[in-house]
Amino acid sequence: MSSSGVTAGDQGIAAMTRPRLGIDDVKVGGRRVLVRVDFNVPMDGLRIVDDRRIRAALPTLATLRARGAQVVVATHLGRPQGRPVEALRVAPLAGRLGELLELQVNVSQDVAGPSARALVAGMRDGDVVMLENVRFESGEERDDATLSAHLAALADLYVDDAFGAAHRAHASTHGVARLLPAYAGLLMQRELEMLGRVLRDPARPLVAIIGGSKISSKLGVLRMLMHRVDTLWVGGAMACTFYRALGEETGTSLVELDQVDVAAALLEEARGAGVADLRLPIDVVVAPSLEAGAGTATVSWKEISPDQAVVDVGADTVAAIGADCQVAGTVVWNGPLGIYEVEAFAHGTRGVAGALAGSDATTVVGGGDLVAALDAAGLTDRMGFVSTGGGATLELLEGRILPGVAVLRERPQS
C-alpha cells in the first residue's frame with residue numbers, strides 16, 4: 001500500500017529522520033560538552049521506580065567520557081512550573097547515574113547560575129556533573145534567550161540525547177542549540193533511525209497498532225498512518241468512539257461524543273483505495289465498573305450492554321492481531337489496548353505483546369503507558385525497539401517537525 005505524491009508529512013519525516021552528524025563526527029577531548037538528556041523518570045519519593053531512560057543515555061555519556069570530554073548533564077524532572085520544588089531535585093538521578101558510570105556525579109545548586117559555573121570550572125577531562133532541574137527556571141519552557149545564553153556559556157559543544165523532549169522548543173532543547181555547535185547523541189540518532197525506517201522504507205506488510213483512550217490525542221497519527229501502513233488496528237477506549245460512529249451501543253464506556261463524526265469520516269476514508277485496512281476489536285472485555293475486582297465478561301463488539309464499560313480487548317481480537325503480526329515485516333505499536341493498571345483488564349495488551357515477542361517482524365513500540373504495561377508483564381526486553389519518546393514519538397509519526405531535532409541542522413558543526 002502506498003500513497004500518491006509527496007505530502008507535508010512525507011517532507012517532515014524526511015527532514016526529521018535523515019542522517020545527521022553525531023558525536024562520532026567531532027573531537028571532544030578536553031572540551032566541555034553540555035548533554036541534554038531525558039531523565040524524567042517515575043519516582044516514589046526519592047526512589048527511582050524505573051531507570052530505563054537513565055540507562056538509555058549511558059552509551060552517549062560513556063563515549064564522551066572515554067574520549068576525554070568534560071560532560072555537563074542537563075535534564076528536567078516533573079513539572080515544577082518554573083520554581084524549585086524539593087521533591088523534584090535531580091540528586092537521586094545523579095546518584096543513580098553515578099552508580100551506573102561508577103564515578104561521582106556532583107550536582108549544582110542552580111541551573112546555570114554561580115553554582116553551576118563554579119562546578120563546571122572545576123571539572124577535569126572525563127568528569128561528569130549534573131545541573132539542577134532545568135524546569136526550576138521559568139525561562140526553560142519559554143525558550144528564554146537569556147537562560148539559553150547562560151546554559152551555552154557553560155560549554156563548548158552541545159549534544160542532544162533527549163528524544164523524549166525533542167518536540168518541545170525549550171531553552172535546553174532548542175535555544176542553547178542555536179548558540180553552540182550542536183550534535184545528536186547516540187540515543188537520539190537511534191530513535192530517529194528506527195522510527196524513520198518504519199516510516200520511510202519499512203519491511204512489509206507494515207502493521208500499526210494504536211491504542212489509548214481518546215481519538216483527539218491520536219488523530220494526527222491515525223490520519224498519517226492510514227496512508228502509510230497496510231493494516232491499522234485501533235484499540236483501547238477510543239475504539240468505542242468508532243463503535244458509536246457505526247451506530248452500536250457502547251454502554252458506560254468512555255466515548256468522545258465530539259469525535260464521533262471524525263471517527264465516521266475515518267471509517268469512510270478507510271473504505272477507499274490506497275489506504276490502510278482499518279480494523280477494530282471484534283470482541284471486548286466488559287465490566288460494570290473500572291475498579292479492580294469488578295466481574296468481567298467477554299462479548300462481541302455488537303453486544304455491549306448499556307450498564308457495562310469496555311475495559312480490554314477480547315481473546316479473539318488478540319488472536320487476530322497476533323496473526324497479523326506473525327506475517328508482518330514491520331509492526332509499530334503505540335498505546336495499551338485496555339486499562340492495564342488493573343490486572344484483570346491487562347490480558348489483551350499482554351497477549352498482543354506476547355504475540356509480538358514471538359514475531360520475526362521488526363518491532364517498534366512506544367508511549368509511556370504502553371511501556372509501563374509491558375514492564376508489568378516482563379515483556380519489554382522482548383520487543384525489538386522501545387522508544388523513549390511519548391509525545392515526541394507521536395508527533396514524529398504524524399510527520400510533524402520536532403524543534404529539538406530541526407535545530408541540530410541549523411547550527412554549523414565544529
Would a distance-only check, ignoring hydrogens and angles, find a side-chain to backbone donor-acceptor pair under 3.5 Å from Asn133 to Val90?
no
ask   = Is the backbone N or O of Leu147 less than 3.5 Å from a side-chain atom of Asp144, with the two atoms forming a donor-acceptor pair by type?
value = yes
Taking every heavy atom of Val313 against every heavy atom of Pro281, the minimum-distance pair comes out as CG1-CG, 3.7 Å
**Prompt:** Between the side chain of Lys214 and the main-chain N/O of Glu256, is any donor-acceptor distance below 3.5 Å?
**Reply:** no
In short, Pro336 meets Asp369 closest at the heavy-atom pair CD-CB, 3.9 Å
The single option from Met130, Arg96, Glu99 that satisfies side-chain contact (heavy atoms from CB on, under 4.5 Å) with Val105 is Met130
Scanning both residues in full, the closest heavy-atom pair of Cys325 with Ile209 reads SG-CD1, 4.1 Å
Look only at the side chain of Arg32 and the backbone of Leu154, and say whether a donor-acceptor pair between them is shorter than 3.5 Å. yes
Fill in: Thr250 side-chain N/O to Cys240 backbone N/O, donor-acceptor pair under 3.5 Å
no
Are side-chain heavy atoms of Tyr183 and Asp160 found at a separation under 4.5 Å?
no
Asp50 side chain reached by Val41 side chain, heavy atoms, under 4.5 Å: no
Stepwise, does the side-chain contact (heavy atoms from CB on, under 4.5 Å) test hold for Tyr340 with Asp312? CA-CA 8 Å; Tyr340 72 93; Asp312 198 3; over 6 Å; no
All heavy atoms of Ala116 vs all of Asp110, minimum pair found to be N-OD1, 2.9 Å
message = Closer than 3.5 angstrom, by distance alone: can the side chain of Thr296 be matched with the main-chain N or O of Val285 as a donor-acceptor pair?
response = no
query = Does the side chain to side chain donor-acceptor pair (under 3.5 Å) test come out yes or no for His174 and Asp143, once each step is laid out?
reply = CA-CA 7 Å; His174 181 261; Asp143 199 9; 2.7 Å; yes
Exactly one of Arg36, Glu141, Arg168 clears side chain to side chain donor-acceptor pair (under 3.5 Å) with His76, and that residue is Arg36
key: Any donor-acceptor pair under 3.5 Å from Thr380 side chain to Asp375 backbone   = yes
Quiz: residues 80-87 side-chain donor-acceptor pairs under 3.5 angstrom, not counting sequence neighbours:
{"residue": "Glu86", "atom": "OE1", "partner": "Arg89", "partner atom": "NE", "Å": "3.2"}
{"residue": "Glu86", "atom": "OE2", "partner": "Arg89", "partner atom": "NE", "Å": "3.1"}
{"residue": "Glu86", "atom": "OE2", "partner": "Arg89", "partner atom": "NH2", "Å": "3.1"}

His150/Val111 under side-chain contact (heavy atoms from CB on, under 4.5 Å): CA gap, chis, key distance, verdict: CA-CA 9 Å; His150 289 165; Val111 175; over 6 Å; no
Residue pairs meeting side-chain hydrogen bond (donor to acceptor under 3.5 Å, both in side chains), one or both in residues 343-356, sequence neighbours left out, come to Glu343-Arg350
Item checked: Atom CZ of Arg124 with >12 non-hydrogen neighbours under 6.0 angstrom -> no
- prompt: Does atom CG of Asp360 have more than 12 heavy-atom neighbours from other groups under 6.0 Å away?
  reply: no
Donor-acceptor pair, distance only, cut-off 3.5 Å: does the side chain of Asp324 make one with the backbone of Ile321?
no
For Ser108 and Leu119 the tightest heavy-atom approach is N-CD2, 3.5 Å
_Between Asp283 and Thr317, is there a side-chain donor-acceptor contact under 3.5 Å, judged purely by atom types and distance?_
yes
Candidate pair Asp125 and Arg31, rule salt bridge (Lys or Arg N to Asp or Glu O under 4.0 Å), full reasoning
CA-CA 8 Å; Asp125 294 353; Arg31 306 176 82 178; over 6 Å; no
* To do: Output yes when a side-chain donor or acceptor of Thr363 lies under 3.5 Å from a complementary backbone atom of Gly384, and no otherwise.
  => yes
Q: For Gln109, look at atom CD and say whether over 12 heavy atoms of other residues, nucleotides or ligands are found less than 6.0 Å away.
A: no
*How about Phe163 and Thr393: do any of their side-chain heavy atoms sit closer than 4.5 Å?*
yes
- Item | side chain to side chain donor-acceptor pair (under 3.5 Å) between Ser172 and Glu140, intermediate numbers included | CA-CA 7 Å; Ser172 68; Glu140 163 65 2; 2.7 Å; yes
Flag yes if more than 12 heavy atoms outside Asp258 fall under 6.0 Å of its CG atom; otherwise flag no.
yes
The reported gap from OG1 in Thr388 to CG in Leu187 (rounded to nearest 0.5 angstrom) is 4.5 Å
Residue pairs meeting side-chain hydrogen bond (donor to acceptor under 3.5 Å, both in side chains), one or both in residues 54-68, sequence neighbours left out, come to Asp51-Arg55, Thr60-Asp161
Smallest heavy-atom separation, Met43 atom then Pro92 atom, equals CE-CB, 3.9 Å
| Stepwise side-chain contact (heavy atoms from CB on, under 4.5 Å) check, Val107 with Val129 | CA-CA 6 Å; Val107 182; Val129 302; over 6 Å; no
Side-chain heavy atoms of Leu225 within contact of Leu206, under 4.5 Å = no
Exercise for the section: With side-chain contact (heavy atoms from CB on, under 4.5 Å) as the test, would you mind laying out the steps for Leu192 and Val405 before giving the verdict? Expected result: CA-CA 9 Å; Leu192 296 174; Val405 176; 3.9 Å; yes
